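Heads up, the thing below is written out as structure tokens.
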Amino acid sequence: MIVFGILALVLIASAVFTVTAQKPVYSVVGLLANFIALAAMYLTLQAEFLAVMQIVVYSGAILILFVFVIALLSSGTRPFEVGPDKAPRILIPALAIAVLTLAGLTVTALHTPITVVSTATTNGTTGDANAFGSVANFGAALFTTNLLPFEVTAFILMVAVIGVVLIAGDATPGAVEGRRKKRRPGVREPIVKALRQAQDDNG
Amino acid sequence: MSVSAIPIWIVVLIKSAVVLGVVITTFAYSMLAERKVMGWMQLRPGPNRVGPWGLLQPAADAVKMIFKEDLTPDTADPLIYRLAPFISLICAMGVFAIIPFSASADGTLWSVGNVNAGILFIFAIGSIGVYGISLAGWASGSKFPLLGSVRSTAQMISYELSMTMSVIGVLILTGSTALGDIVNAQLRLWFVIPQIIGFLIYVITAVAETNRAPFDLVEAETELVGGFHTEYSGLRFGLFFIAEYLNMITVSCLATLLFLGGWNSPIPGLPSGGFVGLGWFILKAAAFLFFYIWLRSTLPRFRYDRLMDFGWKVLLPVATLNLILTAVAVAVWPTHA
């Protein structure tokens, strides 16, 4: 219970920090703390595999790309340019949605009978191969009972990838070929020219 | 008071202290060993002034590191700049919490904690370690560290993929992700033989993941001054330095566990497990560390575009092929289970 309290506090604090931070990199660090705290929360629920995947996928793959983009695009340490304050306009709808969601969740939770999933393995993560939340257990559940949701998720991800290609890529035929032929005068050309000149002068 | 009466958190605390003490000492002397061995390979004596054969050199280095001035550039982002070395070091140390170094006769693992997701857990912590380097480079607020950190992010993500793929073959053969099970599955045959392709890819990607020569483009003294840690000095630089060597030790331990039979003896019939097993484990890991040093003093650095080409166009396809072959072989001859 104490662990839950600390983790919940860290989760909320890091989430607020992520949203309110002035510099994009601070947001990334806040989000990183958030992901790690969430993984720790999964661990207290004995969902070992889920905790590890949370870190590998979100922190290890997705968030690091954020850092990559931020480092490339905004190499300076300047804060965001603050736009017009939209808070008053969206405050009421946002609050309404938040309250409705919370109420809905509470009602659902109260009407759902609580089932204790594992009573046998209550003393932490035992490293037992067939314990609840272990890799074998998780995999079996994912690829038997929940195969359809799993496949549908994969399909949705594929749709997203195709969407990105459609939006970002030039769809007209021969576009790639044309782009290759049309060489822009780059930074290198003046240097190469100067080098050739120097060579001629020497030889 | 019997052993089982001691509260679990005290046991874990003592275990952690012992493991960290040993690991830090190993770091200090692997650094000395590197300088000595590289010296011999280049026909010079290496450090030999502090203590007999230079054995006290690590202590002298530590004192020097601690007393050096700790500089923070004006352009740096103070918070992230200070945070980054700690991320690197904590991740490098955290991995040792679940590495089993040997096992008792009754099968109890000699490790601080036993995690069912074992190898995945190590990859997870390792993936956070990348943040130390990339944030350090960004937060320094100057161009060479930034270039180093962008390189590191790209390189580590690319090679992490192949590394994970090369290890999955072992997981398929074992049918478990727990490190203890993986070692026990190698009682008769080390996985380096059936997984020779996986092992080769693992070795290459391991060197790249730890940013060591010939894959040290992240630091690349001749191109980037010092890469991501150009602006760091004193103890903060020391933290990065320790993290780099700890990562080397981790990768060596993993190679031992995954491919070289862990604490099993290399000759059938000789005792393994217990303190003898610990000896085998240390011997194998040390051999792998020596290989690292050997590589560094032998091979020149990669060119960056070739590094990327190699990672994506050679290592990843070969690792995938190895994975498919292993899966098919296990499906056809299911003898392991």
Side-chain angles (χ1 to χ4, degrees), chain A residues 21-33 35-36 39 42-43 46-79 121 123-139, chain B residues 8 74-81 83-84 87 90-91 98 100 109 111 113-131 133-135 137-143 145-154 156-157 160-161 164 171 175-181:
Chain A
Q22 290 291 306
K23 296 177 188 170
V25 171
Y26 282 22
S27 294
V28 168
V29 173
L31 203 55
L32 179 63
F35 286 161
I36 293 172
Y42 287 144
L43 272 185
Q46 302 213 357
E48 200 175 292
F49 185 68
L50 193 60
V52 169
M53 279 302 127
Q54 160 80 17
I55 290 185
V56 169
V57 174
Y58 286 93
S59 319
I62 297 177
L63 197 58
I64 197 76
L65 288 179
F66 287 10
V67 176
F68 194 75
V69 170
I70 289 170
L72 278 178
L73 292 185
S74 64
S75 58
T77 49
R78 276 175 292 115
T121 53
N123 46 356
T125 42
T126 48
D128 194 12
N130 290 314
F132 173 77
S134 72
V135 181
N137 186 292
F138 194 97
Chain B
I8 181 117
D74 273 347
T75 47
D77 184 294
L79 182 72
I80 307 272
Y81 184 80
L83 183 72
I87 297 182
I90 289 171
C91 293
I98 68 154
L109 297 179
S111 63
N114 180 18
V115 184
N116 176 255
I119 184 76
L120 297 174
F121 182 82
I122 291 181
F123 282 137
I125 295 191
S127 69
I128 298 181
V130 186
Y131 285 94
I133 291 179
S134 45
L135 287 179
W138 177 85
S140 296
S142 69
K143 56 189 167 191
L146 184 71
L147 283 173
S149 89
V150 170
R151 274 185 180 189
S152 88
T153 319
M156 288 173 100
I157 290 176
E160 208 174 339
L161 208 60
T164 320
L171 300 186
S176 167
T177 50
L179 292 165
D181 296 345

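Chain naming here is simple, since letters A, B, ... match the order of the sequence lines and numbering starts at 1 in each. In this text the structure is predicted, and so the values were computed from the model without any measurement. Note that these values count all heavy atoms, side chains included, but never hydrogens, waters or copies made by symmetry.
Proximity to chain B (any heavy atom under 4.5 Å) is shown, for A/L63, by both the backbone and the side chain.
Taken to the nearest 0.5 Å, the CG atom of A/L65 stands 4.5 Å off from the CD1 atom of B/I157.
Taking chain A as the reference chain and counting heavy-atom pairs below 4.5 Å, the highest number among B/I80, B/L135, B/V130, B/L83 is found for B/I80.
Side-chain contact check for A/I55 versus B/F121: every heavy-atom pair is 4.5 Å or farther apart. With contacts defined as side-chain heavy-atom distances shorter than 4.5 Å, the pair A/I64/B/S127 does not qualify.
Applying the side chain to side chain contact (heavy atoms under 4.5 Å, CB included) test to B/L161 and every residue at least two apart in sequence or in another chain returns B/W312, B/L316. Annotation: side chain to side chain contact (heavy atoms under 4.5 Å, CB included) contacts of B/L120 (sequence neighbours excluded): A/F49, A/V52, A/M53, A/V135, B/A117, B/T177.
Annotation: A/F35, atom CZ; neighbour count of heavy atoms from other residues, nucleotides and ligands within 6.0 Å is above 12.
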Given side chain to side chain contact (heavy atoms under 4.5 Å, CB included), test B/W138 with A/V67 step by step and report yes or no. CA-CA 9 Å; B/W138 177 85; A/V67 176; 5.8 Å; no

